Amino acid sequence: MSCIPIQNNIVTNDHKGTHMRFSQLLIPTLKETPAEAEVISHKLMLRAGFIRKLASGIYSYLPLGLKSIRKVEQIVREEMNNSGAQELLLPMVQPADLWQESGRWQKYGTELLRFTDRHDRENCLGPTHEEVITDLVRKNVHSYRSLPINLYQIQTKFRDEIRPRFGLMRGREFIMKDGYSFDATDSDAGKTYEKMNDAYHRIFKRCGLSFRAVEADSGTIGGSFSHEFMVLADTGEDTVVICTNCSYAANTEKAKAMESTMPENPELLPMTKIETPGKRKVKAVCNFLDIAPQNLVKTLIYVADGEPVAVLLRGDHEVQEVKLQNILGVDEVRLADDKETFDFAGTPTGYLGPVGLKLKIIADLEVARMVNFTVGANEKNFHMQNVNFGRDFEVDQTADLRMITADDSCPSCGGKLELPRGIEVGHIFKLGTTYSEALKATFLDDQGQEIPFVMGCYGIGVSRTVAAAIEQNHDKDGIIFPLPIAPFQVTLLNLSIKDEEITKAAESLYDEFLKLGIEVLFDDRDERPGIKFKDADLIGIPYRVTVGKSLTTEGKIEIRERKTGETFSVPLAETTSRLKQMIDSAMQSCQV
RNA sequence: CGGGGCGUGGCGCAGCCUGGUUAGCGCGCCUGCCUUGGGAGCAGGAGGUCGCAGGUUCGAAUCCUGCCGCCCCGACCA
């Protein structure tokens, strides 16, 4: 077979060839969903011929998938460049000694894919590039006069995920934009952070996505603050917390739960012990004793870096483990299993309580506000009622450690909260000097003092963004791409390639579209109309132009909008200008 | 890594429990006819070492053992 010319440079509208023909492109659409796919974006990307799996978490991008990815990349590039960042490309293979220097060779764990080359040198496949970029900058930037400097790349990353899943949503190999900034002072770094925050807003707006930036926990990376950019979609893995009244937005790891008000001068009833045979779960105990979960305190045993700690929480609340981890200042927390719980507390799970418990106890703030509540009696088949904080037991610490709920009010303004689902597509961090200190990356300031760079890092999951766009925009027939990141802006359907008049009109429209720089996928296949309609819907191209028998009968062409299903019947001669107008105005609405 | 499930033409599946000689079905693919505004119809055809390796048996897709791969639930993350 001869070489099929593939038009790659769609982003610059460089349509000189005539190869945007469906019949010439590799677009292997599927009627049925492969069994391996679970989430909607994965199913649709497989069915629409965007991707194919090579191995677990590793995918080939087919022409259509690549076009969407390139569109996102291009938007990212333009906005990064406009905000003063410079593009470069760092190595994917990285030597172990750099990682040893930063201490992450030990810390990073098995997610870091390590290998040895022929000279027995240890290397890894880059999952991120803090080490490499810091090394580059420390060797080449020595003066405050060169600052600030902001560098980014768009590259395939490899993380040997414990469990890859959801297609492009969490692959082992994925395309990411990662950027790193170097400033002379903390306040300059703050300005850079704001610039990046602004650029990220512009990027996702320009992608045509509905998203929110939320305050995030900066975790072990350190640094003062960070924001996650979440594409809102019902199928998202994460929950985000958004105030309906003010601008407050956070992820659940960060969202502060407000304390409720304590009843004034409550009457403290005498504590009593009650038999609760076989009642272990909150629900069972509440039903049995005819009390509300809000009047019960559950006691959970956690293992924090190997040490047991009892966590007290209102019956209807859930632990937010990241909060717990931060408060305890440990690297790992996990719920103890039944055996461990018994070993630590001497009581089977289900009957634990703080009264007389000889373990470190940490209580959620809300527990400190409760009166006359019910807890386990630390004895099988018994609970205690009318227990009171301070009178009947003491704790080592009280803190906010629960998951916020839709019943909570906004920690900032007290307004009503919403907890929609989201997909994390971007994350910006103010890093500070963590890496520059570890790697001794310093410069001379205007006083001649040698000080470490103040760093920031900024990531965008490019391939994930395409998946997230699909999770957010689809219907039963397939993908509904936002115009700015659709593989093509319009698909042109020749419904009858054997009809000379229709074919001639379709070919001339195709030429006109190309001349105007309209990105068009021309379905010139010798297929029945139904197949073309179904494929067009599946692939999700925003506009569809149909040349069929309505041309022969009334000289009309149909333009249809994928998203709304709205159709316009227009004369052949006006089709191109009308379409161009629709595209331009739709693109306009995504501009920033 | 722990728990659950699945590997049978390109895709979706049946057959396996209760071994039996040409391994089926739908879709897709190829040829011809026919059809042409929402995944048509008819006729013919190609395509499978039943994940791999052992074992049991006269005989294994089917029973046994080991291995590999993939998916789902949990901890990690753009």
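Nothing here was measured: the structure is a model prediction, and the numbers come from that model. So you know, we letter chains A, B, ... as the sequences are listed, proteins then strands, and number each from 1.
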Write down the distance between CD (E321(A)) and C1' (C76(B)), rounded to a whole number of angstrom. 13 Å
Using the P atom as the reference point in each nucleotide, state the distance between G45(B) and G24(B) in Å, no decimals. 14 Å
Looking for any heavy atom pair under 4.0 Å, which part of the strands does Y108(A) touch: base, sugar-phosphate only, or nothing? nothing
Would you classify G167(A) as touching base, sugar-phosphate or nothing, given that sugar-phosphate means primed atoms plus P, OP1 and OP2, and contacts are heavy atoms under 4.0 Å? nothing
Does F481(A) have any ring pair (Phe, Tyr, Trp, His ring centres under 6.0 Å) partners at least two apart in sequence or in another chain, and if so, which? F50(A)
Would you mind telling me which of A75(B), G38(B), A78(B) lies closest to the side-chain atoms of D537(A)? G38(B)
Could you check which nucleotide pairs with A40(B) in any of the strands shown, counting Watson-Crick or G-U wobble with both distances under 3.5 Å? none
E237(A) CD - G74(B) C1' separation (whole Å): 12 Å
Taken to the nearest whole Å, CG/L112(A) to C1'/C77(B) is 14 Å
All N/O contacts under 3.5 Å from nucleotides 34-37 of chain B to the protein, with atom names and distances to one decimal?
{"from": "U35(B)", "atom 1": "O2", "to": "R528(A)", "atom 2": "NH1", "distance (Å)": "2.7"}
{"from": "U36(B)", "atom 1": "O4", "to": "K498(A)", "atom 2": "NZ", "distance (Å)": "3.4"}
{"from": "G37(B)", "atom 1": "OP2", "to": "K549(A)", "atom 2": "NZ", "distance (Å)": "3.2"}
{"from": "G37(B)", "atom 1": "N7", "to": "K549(A)", "atom 2": "N", "distance (Å)": "3.3"}
{"from": "G37(B)", "atom 1": "O6", "to": "G548(A)", "atom 2": "N", "distance (Å)": "3.4"}
{"from": "G37(B)", "atom 1": "O6", "to": "S550(A)", "atom 2": "OG", "distance (Å)": "2.8"}
{"from": "G37(B)", "atom 1": "N2", "to": "E558(A)", "atom 2": "OE1", "distance (Å)": "2.4"}
{"from": "G37(B)", "atom 1": "N2", "to": "E558(A)", "atom 2": "OE2", "distance (Å)": "3.1"}

Taking salt bridge (charged side-chain N to carboxylate O under 4.0 Å, His left out) as the criterion, tell me which of E38(A), E424(A), E237(A) meets it with R170(A). E237(A)
For the C1' atoms, the ones on C27(B) and on C77(B), what distance do you get once it is rounded to whole angstrom? 38 Å
Using atom P in both nucleotides, what's the gap between C52(B) and C68(B) to the nearest angstrom? 15 Å
So what does E161(A) hit on the nucleic acid, given a heavy-atom distance under 4.0 Å: a base, only sugar-phosphate, or nothing? base
Please state the P separation for the pair C13(B) and A53(B) - nearest whole angstrom. 25 Å
Applying salt bridge (charged side-chain N to carboxylate O under 4.0 Å, His left out), can you list everything that pairs with R212(A), at least two apart in sequence or on another chain? none
Gap in Å between the two C1' atoms, one belonging to A23(B) and one to G47(B), rounded: 14 Å
Could you check whether atom CD of E554(A) has more than 12 heavy atoms from other residues, nucleotides or ligands sitting under 6.0 Å from it? yes
Take V319(A) and R402(A) through the side-chain contact (heavy atoms from CB on, under 4.5 Å) test and state the conclusion after the steps. CA-CA 4 Å; V319(A) 175; R402(A) 69 183 174 89; over 6 Å; no
Which letter, B, S or -, goes with each nucleotide of nucleotides 9-14 of chain B from 5' to 3', with contact meaning a protein heavy atom under 4.0 Å? --BSS-
Go through F229(A) and H201(A) one step at a time and tell me if the ring pair (Phe, Tyr, Trp, His ring centres under 6.0 Å) criterion holds. CA-CA 8 Å; F229(A) 287 77; H201(A) 276 89; 5.2 Å; yes
Nucleotide paired to A14(B) in any strand shown, Watson-Crick or G-U, under 3.5 Å: none
Should C70(B) form a Watson-Crick or G-U wobble pair with both distances under 3.5 Å, which nucleotide is its partner? G5(B)
For the C1' atoms, the ones on U36(B) and on C73(B), what distance do you get once it is rounded to whole angstrom? 48 Å
Using distance only, find each side-chain donor-acceptor pair of residues 298-310 of chain A under 3.5 Å and give its atom names and separation, not counting sequence neighbours.
{"from": "K298(A)", "atom 1": "NZ", "to": "H317(A)", "atom 2": "O", "distance (Å)": "2.8"}
{"from": "Y302(A)", "atom 1": "OH", "to": "E321(A)", "atom 2": "OE2", "distance (Å)": "2.9"}
{"from": "D305(A)", "atom 1": "OD1", "to": "D331(A)", "atom 2": "N", "distance (Å)": "3.2"}
{"from": "D305(A)", "atom 1": "OD1", "to": "E332(A)", "atom 2": "N", "distance (Å)": "2.9"}
{"from": "D305(A)", "atom 1": "OD2", "to": "D331(A)", "atom 2": "N", "distance (Å)": "3.1"}

base_contact_polar (G2(B) base, R334(A) side chain, donor-acceptor, <3.5 Å): no
Base, sugar-phosphate alone, or nothing: which one does D535(A) contact when heavy atoms must sit under 4.0 Å apart? base
Atom C1', compared across G69(B) and C50(B): separation rounded to whole Å: 16 Å
When you compare G7(B) with G15(B), how far apart are their P atoms, in angstrom units rounded to a whole number? 10 Å
Please report the distance, rounded to the nearest Å, between NZ in K476(A) and C1' in G39(B). 13 Å
Between L538(A) and L30(A), the two heavy atoms sitting closest are CD2-O, 4.2 Å
Could you check whether Y59(A) and H42(A) have their ring centres less than 6.0 Å apart? yes
What's the NE2-C1' distance between H227(A) and A78(B), to the nearest Å? 17 Å
Could you give the NE2-to-P distance, from H427(A) to A78(B), as a whole number of Å? 6 Å
From the list G39(B), A78(B), C70(B), which nucleotide is the closest neighbour of the side chain of E424(A)? A78(B)
Relative to the 5' end of RNA chain B, which residue comes earlier, A37(A) or T29(A), by the nucleotide with the nearest heavy atom? T29(A)
Are the side chains of M230(A) and F211(A) in contact, using a 4.5 Å heavy-atom criterion? no
Atom CD1 of I423(A) and atom P of C77(B): how far apart are they, to the nearest Å? 18 Å
How close or far is atom P of C1(B) from atom CG of D160(A), stated in whole angstroms? 11 Å
Can you pull the side chain to side chain donor-acceptor pair (under 3.5 Å) pairs that have at least one residue in residues 463-472 of chain A, sequence neighbours excluded? S41(A)-E471(A), T235(A)-E471(A)
C73(B) OP1/OP2 closer than 4.0 Å to side-chain N/O of R163(A): yes
Okay, side chain of T503(A), backbone of I497(A): is any donor-acceptor separation there less than 3.5 Å? yes
Measure from the side-chain heavy atoms of S56(A) and tell me the nearest of C70(B), A78(B), G39(B). C70(B)
When the nearest nucleotide of RNA chain B is assigned to R560(A) and to F229(A) on a heavy-atom basis, which residue is associated with the more 5' position? R560(A)
